[in-house]
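Step one of this worksheet: look at the structure below.
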Amino acid sequence: MSFLRGNAPAPGGVNADKIEMAVTELDTVTDFFNRMVSSCHAKCISTRYAEPDLNKGESVCIDRCVAKFNEVQKKVGEKLQSRGAANAAAGNAATGGFTSL
Amino acid sequence: MSFLRGNAPAPGGVNADKIEMAVTELDTVTDFFNRMVSSCHAKCISTRYAEPDLNKGESVCIDRCVAKFNEVQKKVGEKLQSRGAANAAAGNAATGGFTSL
Amino acid sequence: MSFLRGNAPAPGGVNADKIEMAVTELDTVTDFFNRMVSSCHAKCISTRYAEPDLNKGESVCIDRCVAKFNEVQKKVGEKLQSRGAANAAAGNAATGGFTSL
Amino acid sequence: MDFSNFNGAEQAHMTKIIEKRQMQDFLRMYSNLVEKCFNTCCNDFTSKALSTKEETCIMNCTEKFIKHSERVGARFAEQNAEAMNAQNQ
Amino acid sequence: MDFSNFNGAEQAHMTKIIEKRQMQDFLRMYSNLVEKCFNTCCNDFTSKALSTKEETCIMNCTEKFIKHSERVGARFAEQNAEAMNAQNQ
Amino acid sequence: MDFSNFNGAEQAHMTKIIEKRQMQDFLRMYSNLVEKCFNTCCNDFTSKALSTKEETCIMNCTEKFIKHSERVGARFAEQNAEAMNAQNQ
């Protein structure tokens with residue numbers, strides 16, 4: 001919560017903004033990973049649960065699913081970047097009116 | 001995290017409780033908006049994705065969906081308020097036993 | 001956020017680590033309870049909403065659902081504990097590579 | 001939860017945190033209810049006004065969800081109490 | 001939201017928090033989009049590469065979701081403005 | 001992630017945060033598993049006890065989900081390593 005500390009140097013020479021950015025990155029990757037686990041589980045794992053092990057078909061499916069999910073992430077990211085300005089507008093619409101100081 | 005500061009005045013004359021309440025309000029509106037986007041997407045947008053634009057039917061559906069979602073929010077809010085005491089009881093049941101000091 | 005305070009004693013003799021652990025416990029139980037409410041709602045409550053009260057069948061179903069959900073929690077917990085080492089490995093895979101200092 | 005090893009200042013802190021969490025839980029239940037009841041009850045978008053049928057459905061859905069949560073909470077508390085008793089014997 | 005009773009320091013704090021939330025909201029929308037479009041568009045796991053059909057679907061899904069969010073945001077802002085006007089009269 | 005530009009105090013802070021996140025991730029996976037396996041395996045509420053069939057399903061569901069997560073994690077780490085190598089060349 002660096003914003004509660006103003007610009008005073010943190011104890012022990014810790015740059016709070018740097019920490020905050022690293023935490024945001026960590027949380028983003030974790031969220032992404034969790035969604036990948038969940039999506040690929042829905043796509044590849046049979047819900048009969050007759051045995052505790054991944055069978056051959058499920059294993060191969062998982063490998064392809066991870067690769068495809070990563071490709072989709074890249075494609076969507078490129079799209080969002082190319083839309084740049086439009087996205088910024090969407091962000092403002094989303095918080096429309098109620099966050100202007 | 002005003003509770004970690006006790007009653008000491010915050011640096012720069014910032015009232016931490018006021019900030020905290022504003023943040024809660026901001027998060028509540030954002031959560032509400034995100035659920036509206038998600039619900040209206042499920043109700044109005046065809047998942048065939050044959051073209052990148054909203055068609056006429058989808059656009060009209062979105063407008064009505066937003067209006068209806070807001071009405072539902074009001075109705076549910078009135079209901080919760082009129083239930084007042086009962087809700088407080090539900091809240092206690094939810095955290096039943098394990099939050100009493 | 002005890003990690004921002006270093007080892008300095010907190011104002012008023014508050015042990016920040018103790019508070020943090022209690023908060024984690026509170027959030028865990030709340031999350032568990034919310035999932036139980038949601039799962040048992042899906043299993044037991046008819047979505048026709050013809051009347052505002054729980055009928056006999058729904059009430060009995062809820063009671064059994066809560067008992068069963070708790071049993072499942074125990075079974076899964078035992079499984080996770082018996083898997084111990086393997087889980088730790090999974091945890092590392094999950095944050096694989098990107099959290100090593 | 002057991003706060004018997006908390007000193008006065010720590011108990012005061014926990015009380016504040018619990019109060020904050022209870023408000024957050026209430027707000028979360030509110031938006032959760034709106035979403036769930038809207039998704040179940042509203043399926044006609046030829047009009048922007050709620051029909052009588054939809055409104056009745058929303059009211060019943062809300063009321064029933066609260067009663068459901070209360071019942072789950074009551075059973076859950078009973079089971080926790082039993083588990084705690086078993087532990088203390 | 002109304003920040004007219006906030007002093008300068010408090011407004012500065014809120015601005016920082018809002019900026020942080022906007023970045024978090026953007027990241028959340030990003031991963032949300034990836035998940036939603038992947039789940040809808042990708043159903044063939046006989047290959048690890050995206051097919052042309054899947055890729056077109058992903059692009060349309062992304063574009064359409066953004067336009068959908070913008071439209072919902074615009075309607076939502078209008079309704080809030082109306083509600084605010086009604087309150088001030 | 002790259003922490004090479006972090007000083008000692010900052011690395012210590014990050015280590016503490018990462019440890020906390022790992023515990024939270026574990027708890028989240030636990031409740032997630034309970035929810036997912038319960039929803040898939042338990043469909044008979046004429047009794048409050050788990051049937052043998054339900055119990056077997058829960059055990060297989062848990063075991064399989066962990067193996068699934070491990071496999072996804074391994075593939076994900078490989079891809080990240082490849083991407084990092086590509087960047088450094």
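Chain naming here is simple, since letters A, B, ... match the order of the sequence lines and numbering starts at 1 in each.
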Students often mix this up, so state it plainly: with edges at 30° and 60°, are the rings of A:H41 and F:F65 parallel, tilted or perpendicular?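 Aromatic pair A:H41/F:F65 classed tilted.
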Which heavy atom in [X] sits nearest to a heavy atom in [Y], and how many Å separate them?
| X | Y | value |
| --- | --- | --- |
| F:H68 | A:C40 | CE1-C, 3.7 Å |
| F:F76 | A:V66 | N-CG1, 4.1 Å |
| F:N60 | A:Y49 | ND2-O, 3.0 Å |

[atom2] on [Y] to [atom1] on [X], rounded to 0.5 Å:
| X | Y | atom1 | atom2 | answer |
| --- | --- | --- | --- | --- |
| F:E70 | A:I62 | CD | CD1 | 10.5 Å |
| F:N80 | A:N70 | CG | CG | 7.0 Å |
| F:K16 | A:I19 | NZ | CD1 | 12.5 Å |

Does some side-chain heavy atom of F:R21 sit less than 4.5 Å from a side-chain heavy atom of A:V23?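 Yes, side chains in contact.
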Are any of the side-chain heavy atoms of F:R28 and A:N34 separated by less than 4.5 Å?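 Side-chain contact under 4.5 Å: yes.
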Options F:K67, F:R71, F:Q79, ranked by heavy-atom pairs under 4.5 Å with chain A, top entry: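 Highest number of heavy-atom pairs under 4.5 Å: F:R71.
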Is a donor on one side and an acceptor on the other found under 3.5 Å between the side chain of A:K18 and the backbone of F:N5?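 Yes, A:K18 side chain to F:N5 backbone: donor-acceptor pair under 3.5 Å.
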Spell out, as yes or no, whether a donor-acceptor pair under 3.5 Å connects the side chain of F:N7 to the backbone of A:G13.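 Yes, F:N7 side chain to A:G13 backbone: donor-acceptor pair under 3.5 Å.
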Members of residues 51-61 of chain A whose heavy atoms come closer than 4.5 Å to chain F: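 Near chain F, by residue number: A:E51, A:P52, A:D53, A:L54, A:E58, A:S59.
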side-chain contact (heavy atoms from CB on, under 4.5 Å) between F:F6 and A:N15, intermediate numbers included: CA-CA 9 Å; F:F6 276 48; A:N15 181 336; over 6 Å; no
Contact origin within A:A67 toward chain F - heavy atom pairs under 4.5 Å: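 Both backbone and side chain.
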